[in-house]
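Comments concern the structure below.
Proteins come first, then strands; the chains are lettered A, B, ... in the order of their sequence lines, and each starts at number 1. The figures here come from the full heavy-atom set of this structure, side chains too, leaving out hydrogens, waters and symmetry mates.
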Protein chains: 2
Amino acid sequence: MRRAGGRRHTLRDIAAALNLSVNTVSRALSGKDGIGEKTRALVRAEAERVGYVPNSMARSLVTGSAMTFGLVITNPSNPFYAQLISSIELRAREHDYSLLLTVTDESAENEARAAESLLRSSVSGAIVVPVQAGADPWQRLGAVGVPTVLLNRDLPDLGYRFVGTDNELGGYRATAHAIACGARSIVVLEEDLPITTIADRIAGYRRAMTEAGLSMPRGSVMRVPTRRHDQAALPWQPQQAYQVARRMLRRARLPDAVVAGNDYFALGLYRALAEHGLKVPDDLMVIGFGDHPFSAFLSPSLTTVRLPAEEVGEIAADLLLEEIAGGRSARPLKQLIAPTLVERDSTARKR
Amino acid sequence: MRRAGGRRHTLRDIAAALNLSVNTVSRALSGKDGIGEKTRALVRAEAERVGYVPNSMARSLVTGSAMTFGLVITNPSNPFYAQLISSIELRAREHDYSLLLTVTDESAENEARAAESLLRSSVSGAIVVPVQAGADPWQRLGAVGVPTVLLNRDLPDLGYRFVGTDNELGGYRATAHAIACGARSIVVLEEDLPITTIADRIAGYRRAMTEAGLSMPRGSVMRVPTRRHDQAALPWQPQQAYQVARRMLRRARLPDAVVAGNDYFALGLYRALAEHGLKVPDDLMVIGFGDHPFSAFLSPSLTTVRLPAEEVGEIAADLLLEEIAGGRSARPLKQLIAPTLVERDSTARKR
DNA sequence: TTGAAAGCGCTAACAT
DNA sequence: ATGTTAGCGCTTTCAA
């Protein structure tokens with residue numbers, strides 16, 4: 001029955017044991033000066049002896065800061081976000097902040113609740129991947145003075161700081177690479193979600209095509225249906241991409257290359273193509289997005305766009321730390337980190 | 001300069017505006033009875049008007065409960081843990097708990113700090129994947145009365161509640177399946193980490209081999225080196241498994257099947273085998289572990305062991321909720337959920 | 001160098 | 001049905 005668990009010791013306990021005032025004990029422990037060395041040693045020893053642990057809630061109540069980051073993410077099973085969690089948690093921890101994590105699962109309702117919850121918890125600041133179904137919840141957070149950094153998806157109306165991947169550039173590079181490899185007719189396979197990351201990638205694709213003077217007939221942008229509000233283990237559904245790819249394969253003229261919005265879609269593509277007797281890259285090139293862990297080990301290995309997850313996470317945390325500190329940052333308000341193309345065999349066409 | 005952010009409104013503000021006592025306002029808002037309906041309506045209206053948000057720290061300080069789960073995980077980039085985060089966060093949220101997340105990255109030092117941090121934060125309870133480098137930090141947590149549930153890796157000395165995957169059974173099923181498919185000589189490929197999940201899987205492998213009367217010569221258990229304390233994007237390194245597999249392929253006699261400790265290792269195996277001109281499954285069968293998102297889409301598709309991540313997460317959360325509520329649970333102290341074998345092409349040998 | 005007093009925002013007794 | 005008092009554990013004035 002370990003439930004027993006005696007009451008935690010408080011400053012008062014230590015003060016009583018040592019015949020000191022609570023205040024003295026507080027200062028001895030918090031390393032402030034204006035205290036005798038022997039007193040401090042005494043207090044520390046007693047604190048150690050009884051296993052004193054400060055109560056952060058009490059401290060926060062008076063200082064007004066909970067020393068906590070709120071992190072709001074759509075889906076931890078997305079490897080990009082998983083990495084972001086890691087790198088932000090680490091940075092937070094290094095600066096003695098705790099991490100309060102909320103998952104929105106692309107739901108505006110969850111997002112509204114999340115913002116409210118961060119408010120209640122008096123987080124020192126928030127890092128948010130918005131659902132992009134309105135800016136209200138985060139507007140509110142900023143309005144009451146909680147520094148908020150937008151991650152990966154911007155909400156320009158708010159004028160908050162933002163770090164993310166340059167998806168437009170990613171889409172451009174992927175497409176330009178396909179073109180450089182000889183593709184003339186290129187199809188994009190993207191999820192059907194109304195978020196800027198996807199729109200940006202498509203814009204990048206269009207720019208590359210336009211620059212190369214290539215046409216984008218109807219059907220060049222294919223959409224994979226999303227199942228929102230679905231506590232999904234998978235960030236994306238290769239199976240859904242597979243279905244869409246099969247539909248594409250019924251067309252009279254096949255494209256030379258497909259640029260996928262993520263590597264999971266490329267997985268579905270691979271299967272559809274294999275079943276159809278098409279060889280990658282010789283019959284059709286495939287380019288992924290995300291450089292997910294498996295991509296280097298597919299056969300053929302997948303050419304893809306690597307995302308600067310760790311860097312984005314670190315910058316987000318640093319931006320937040322700066323905002324909390326109150327200093328105007330030298331950094332630009334909006335920061336887009338360039339992703340890099342990783343060339344592998346799925347675009348290495350033998351001539 | 002949104003930094004302005006006026007002070008948050010408090011109960012006192014509302015009380016003053018309405019000429020009521022703070023207490024009345026408190027009860028009106030918290031839905032307690034003993035309050036006039038018109039008063040309540042009035043208070044609610046005013047709260048709404050000024051956008052009142054309760055201060056959880058203040059409430060927690062007096063109630064003693066922070067309405068927070070502490071979740072301590074080794075690595076969010078492990079898809080199994082990513083799912084666990086999702087399902088636990090959801091369950092917590094449904095019951096109005098927030099989630100405080102800490103990443104240990106397999107470091108005992110981080111773990112000790114994490115436990116201390118949970119203590120400071122007065123979490124209502126903790127769900128922990130221990131590093132298994134000693135039980136002290138969690139012993140301490142329980143000792144001061146914080147309900148703690150162990151996840152995926154047990155610390156039997158503590159006598160805490162535990163939920164996890166039945167890895168022994170998983171290893172057994174994987175191996176037994178290989179045997180059923182005709183394999184006589186089977187090698188296991190496991191990470192080199194001193195944790196029970198791995199030891200259990202190996203034990204299951206041994207049981208299956210023994211039952212079938214098969215021998216396990218030296219070299220039957222191959223170890224893939226771990227890079228600990230490495231904020232890695234990858235939960236495991238296919239590349240490392242690839243290296244180990246290449247070493248194996250230099251042996252005089254090759255096994256009929258390899259049982260991998262996770263699907264990422266299977267990825268490395270696939271490459272090594274392909275480079276060596278060996279066909280899966282005809283020359284060598286491969287079985288993975290984890291049923292990671294990509295596994296169904298490899299070619300050949302990977303036979304693997306699917307882990308009950310969502311179920312484990314939900315049970316962990318439910319156990320914790322029960323412990324917090326203080327009611328003795330009808331459930332067993334230790335709960336092992338059976339994983340299921342997913343048969344695919346990597347073991348479908350044409351006879 | 002130390003102590004006393006006040007108060008952070010809230011809830012829980014106990015009055016009225 | 002409402003108000004008063006007290007106090008959660010800590011930090012922050014201000015005195016001594």
Side-chain angles (χ1 to χ4, degrees), chain A residues 6-44 46-47 50-68 96 119-124 144-146, chain B residues 6-44 46-47 50-68 96 119-124 144-146:
Chain A
R7 207 182 90 281
R8 264 167 57 175
H9 292 270
T10 69
L11 289 187
R12 202 166 54 174
D13 299 331
I14 300 179
L18 262 37
N19 256 314
L20 289 170
S21 79
V22 173
N23 186 333
T24 305
V25 175
S26 168
R27 282 186 339 233
L29 256 22
S30 60
K32 297 237 170 69
D33 54 350
I35 197 131
E37 270 318 313
K38 338 171 254 220
T39 317
R40 169 163 289 161
L42 230 56
V43 170
R44 284 202 171 136
E46 176 66 6
V50 301
Y52 170 75
V53 176
N55 182 327
S56 351
M57 293 183 309
R59 164 180 305 196
S60 300
L61 188 57
V62 38
T63 62
S65 157
M67 290 302 283
T68 302
D96 287 322
L119 235 32
R120 288 180 197 267
S121 311
S122 313
V123 293
S124 316
V144 299
V146 178
Chain B
R7 207 182 90 282
R8 265 168 56 176
H9 291 269
T10 69
L11 289 186
R12 202 166 55 172
D13 298 332
I14 300 179
L18 263 39
N19 257 315
L20 288 170
S21 79
V22 172
N23 186 327
T24 304
V25 175
S26 168
R27 281 187 339 234
L29 290 174
S30 59
K32 296 237 170 70
D33 52 350
I35 196 132
E37 271 318 314
K38 336 169 253 217
T39 317
R40 167 163 291 159
L42 229 56
V43 170
R44 285 202 170 135
E46 176 66 6
V50 300
Y52 171 74
V53 177
N55 182 328
S56 356
M57 293 184 310
R59 165 181 304 195
S60 299
L61 188 57
V62 39
T63 62
S65 157
M67 290 301 283
T68 302
D96 287 319
L119 235 32
R120 286 180 199 266
S121 311
S122 314
V123 293
S124 316
V144 300
V146 178

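- Rounded to a whole Å, the CD1 atom of Ile14(A) is 11 Å from the P atom of dT11(D).
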Check the pair Leu18(A), Val25(A) against side-chain contact (heavy atoms from CB on, under 4.5 Å), reporting the backbone distance first and the verdict last. CA-CA 9 Å; Leu18(A) 262 37; Val25(A) 175; 5.5 Å; no

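- Between chain B and DNA chain C, the heavy-atom contact criterion of under 4.0 Å yields a 5' to 3' nucleotide range of dC8(C) to dA13(C).
- Where Val53(A) and Thr39(B) each meet DNA chain D at their nearest nucleotide, the meeting point lying more 5' is that of Thr39(B).
- At whole-Å resolution of the value, CG in Leu61(B) and P in dT11(D) are 12 Å apart.
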Run Thr10(B) and Val22(B) through side-chain contact (heavy atoms from CB on, under 4.5 Å) and show every step you take. CA-CA 9 Å; Thr10(B) 69; Val22(B) 172; over 6 Å; no

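- Following rounding to the nearest Å, Leu20(B) (CG) and dT4(D) (C1') show an atom-to-atom distance of 14 Å.
- Side-chain N/O atoms of Lys32(A) include none lying less than 4.0 angstrom from OP1 or OP2 on dT11(D).
- Here Tyr52(A) does not reach the OP1 or OP2 of dG9(D): none of its side-chain N or O atoms lies under 4.0 Å away.
- Between Ile14(A) atom CD1 and Leu42(A) atom CG the span is 11.0 Å, to the nearest 0.5 Å.
- Across all strands shown, Lys38(B) has no heavy atoms under 4.0 Å from either base or sugar-phosphate atoms.
- Taking only side-chain nitrogens and oxygens, Arg12(A) comes nearer than 4.0 Å to OP1 or OP2 of dC8(D).
- The nearest pair of heavy atoms linking Arg8(A) to Asp13(A) is O-OD2, 4.0 Å.
- The CG atom of Leu29(B) lies 7.5 Å from the CZ atom of Arg44(B); values are rounded to the nearest 0.5 Å.
- Contact annotation: Thr63(A) does not reach the phosphate of dT11(D) (side-chain N/O to OP1 or OP2, under 4.0 Å).
- Within 4.0 Å (heavy atoms only), Arg27(A) reaches at least one base atom of the nucleic acid.
- Annotation: of the two residues near DNA chain D, Val62(B) and Ser26(A), the 5′-most nearest-nucleotide partner is Val62(B).
- Residue Asn19(B) is in sugar-phosphate contact alone, with no base atom involved, counting any heavy-atom pair closer than 4.0 Å across all strands shown.
- Within the 4.0 angstrom heavy-atom criterion, no nucleotide atom of any strand lies near Ser56(B).
- Residue contacts for Gly34(B): at a heavy-atom cut-off of 4.0 Å it reaches a base atom on one of the strands shown.
- Using a distance-only test at 3.5 Å, with no hydrogens or angles considered, a donor-acceptor pair links the side chain of Ser124(B) to the main chain of Met67(B).
- When the P atom of dT11(D) is taken as reference, atom CE of Met67(A) falls 13 Å away, rounded to whole Å.
- The base of dT11(D) lies outside donor-acceptor range of the side chain of Asn23(A), with no N or O pair under 3.5 Å.
- In this entry the distance linking CE of Met57(A) with C1' of dG7(D) reads 14 Å, nearest Å.
- Summarising the geometry, atom CE belonging to Met57(A) is positioned 12.5 Å from atom CZ belonging to Arg59(B); distances are rounded to the nearest 0.5 Å.
- When each of Val25(A) and His9(B) is assigned the nucleotide of DNA chain C with its nearest heavy atom, Val25(A) is the one assigned upstream, toward the 5' end.
- Nucleic acid contact class of Ile35(A) (heavy atoms, under 4.0 Å, all strands): sugar-phosphate only.
- Checking the phosphate oxygens (OP1, OP2) of dT11(D), no side-chain nitrogen or oxygen of Ser30(A) falls inside 4.0 Å.
- Remark: C1' of dT12(D) and CG of Leu11(A) are 14 Å apart, rounded to the nearest angstrom.
- In this structure, the CG atom of Asn55(A) is 12 Å from the P atom of dC8(D), given to the nearest Å.
- In this structure, the side chain of Ser122(B) does not engage the main chain of Ala66(B) through any donor-acceptor pair within 3.5 Å.
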